[in-house]
Amino acid sequence: MTQTLVITGASAGIGRATARLFAERRANIALLARGHTGLDAVAAEIEQAGARALVLPTDMARHDQVEAAAEAAQAEFGAIDVWINCACTSVFAPFTDIAPAEFQRVTEVTYLGYVYGTRAALRRMLPRNAGTVVQVGSALGHRSVPLQSAYCGAKHAVQGFTSAVRTELLHQESDVHITMVQMPAVNTPQFSWVLSRLPRHPQPVPPIYQPEVAAHAIAYAADHPHRKQYYVGASTAATIWANAIAPGLLDRYLARTGYDSQQTDEAPTSDRATNLWQPADGPDGRDYGAHGIFDSQARPHSAQAALARHPALTAGALAAGALWALALRRSRTRLLPSAGQHRIE
């Protein structure tokens, strides 16, 4: 039976890699994002793979646009089986350098966009008691870092909102499921188009993974939605567990290393596009694709993500993360390496 999906943030990065993966399954895929160039490009890729695509330019901060897109997807393809929330935006700057309107915009897209997407999905899934919502989360939804206060706040909000909805579905004994996939640093175009006031070009904190690693984890979560969440990358598991055990030490660690580790050695270009208010890949923009500019550093596989598909093995991996956190707690000198050795996103 042909599966029908809605993917938000589908024009680039993780959303685009996920759309390509489901196209290999010959799924019907509704593509939501603001950027026309990226949407048209990924639609062509999907159709070339033999699947069906529906381009739906949508601002996820507008609940009316999200609802209209959901209605159009259902009218075109029928019942929605899986809704994947992936759209986000951010500002890289100290909190005091972020304008209130900019902070609001990040919150509306990165948090409320998930709320509106989840609401649109559940309105169509609950009456037939079937369907899955997959929230693309982040280790930063558990452990905040400096210079990303708006994004971290939004991802924390998604975490709390999703847990509440999940408990409501459990109370109702519903066959509609909601799950999260917690991501590590991923090589996406975000770092080339995010609004940044940093003196150097922003970067994901190593270890960095390719978006296809994230896409495979999302697909697995969609197929196995009964678990509350999945971790992608050993760094994600270690970060979450270390924060649970020694949050104060991580505060001091990130205060020391978190600025340099989120910037390259290169100055940003003067003509750098930003996508906070308008899509960087608008009608006259370029197609950014799924990958960012860090291909040479990004890992194409994650052993931890493979382990996560087997709960018993995952327990061992998480235990290892806990032991790592305890080791950090016992040794201040080992907790504070140079900025170039920073391993937490």
Side-chain angles (χ1 to χ4, degrees), residues 88 90-98 103 106-107 110-111 135-164 166 180-186 191 194 196-200 202-209 228-263 302 304 307-308 314-345:
C88 71
S90 186
V91 177
F92 274 66
F95 168 66
T96 52
D97 291 342
I98 302 174
F103 206 102
V106 173
T107 304
T110 308
Y111 169 47
Q135 314 283 46
V136 178
S138 170
L140 301 190
H142 289 265
R143 171 64 252 181
S144 294
V145 296
L147 304 177
Q148 294 199 61
S149 57
Y151 181 85
C152 291
K155 285 300 187 182
H156 274 73
V158 169
Q159 185 79 19
F161 158 72
T162 300
S163 293
R166 185 172 187 270
M180 290 196 73
V181 184
Q182 309 293 4
M183 296 298 173
V186 182
F191 302 91
V194 67
S196 174
R197 296 195 173 94
L198 305 181
R200 291 170 282 143
Q203 69 170 7
V205 178
I208 305 168
Y209 295 87
K228 179 178 181 179
Q229 63 183 346
Y230 293 87
Y231 299 157
V232 181
S235 58
T236 299
T239 298
I240 292 171
W241 277 88
N243 186 64
I245 294 171
L249 292 178
L250 279 182
D251 283 346
R252 291 188 285 276
Y253 174 66
L254 290 168
R256 179 184 175 95
T257 67
Y259 278 62
D260 286 344
S261 63
Q262 295 187 80
Q263 301 178 71
S302 167
Q304 185 280 333
L307 287 172
T314 301
L318 295 180
L323 290 174
W324 177 80
L326 286 172
L328 290 180
R329 196 172 190 176
R330 293 171 181 169
S331 176
R332 291 284 186 88
T333 57
R334 292 176 62 191
L335 187 67
L336 300 173
S338 64
Q341 294 176 316
H342 177 47
R343 302 296 288 181
I344 296 179
E345 185 198 6

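The figures that follow rest on heavy atoms only: side chains count, while hydrogens, waters and symmetry mates do not. For the single chain, residues carry numbers from 1 onward in sequence order.
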Taking every non-hydrogen atom, the tightest pair across [X] and [Y]:
X    : Y    : answer
P204 : A185 : CB-CB, 3.6 Å
V186 : F191 : O-CE1, 3.5 Å
P199 : Q263 : CD-OE1, 3.3 Å
F103 : S149 : CE1-OG, 3.6 Å
V194 : P202 : CG1-CG, 4.0 Å
Q159 : G141 : CB-O, 4.3 Å

Side chain to side chain contact (heavy atoms under 4.5 Å, CB included), paired with Y231, selected from M183, M180, Q182
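For Y231, the side chain to side chain contact (heavy atoms under 4.5 Å, CB included) check succeeds only for Q182.
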Can any side-chain N or O of H156 pair as donor or acceptor with the backbone N or O of Y151 at less than 3.5 Å?
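Side chain of H156 to backbone of Y151: no pair is present.
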Quick one: does any side-chain atom of Q262 pair with a main-chain N or O of V205 as donor and acceptor, under 3.5 Å?
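Not a single qualifying donor-acceptor pair exists.
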Please walk me through it: do K155 and S144 pass side-chain contact (heavy atoms from CB on, under 4.5 Å)?
CA-CA 9 Å; K155 285 300 187 182; S144 294; over 6 Å; no
Within-4.5 Å side-chain heavy-atom neighbours: [X] and [Y]:
X    : Y    : result
V91  : S196 : no
Q203 : I208 : no
Q135 : R166 : no
R143 : L254 : yes

Under the side-chain hydrogen bond (donor to acceptor under 3.5 Å, both in side chains) rule, collect the residues that match up with D97, sequence neighbours excluded.
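Listed in chain order: nothing, the list is empty.
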Evaluate the side-chain contact (heavy atoms from CB on, under 4.5 Å) criterion for residues H142 and Q229: first the C-alpha distance (whole Å), next the side-chain angles of each, then the deciding distance (0.1 Å), finally the verdict.
CA-CA 12 Å; H142 289 265; Q229 63 183 346; 3.6 Å; yes
CD1/I245 to CD1/I240 distance, rounded to the nearest 0.5 angstrom?
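I245 CD1 to I240 CD1: 12.0 Å, rounded to 0.5 Å.
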Nearest-0.5 Å distance that lies between atom OH in Y253 and atom OG in S261:
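The OG atom of S261 is 7.5 Å from OH of Y253, to the nearest 0.5 Å.
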Derivation of the side-chain contact (heavy atoms from CB on, under 4.5 Å) call for R200 and D260
CA-CA 9 Å; R200 291 170 282 143; D260 286 344; 3.0 Å; yes
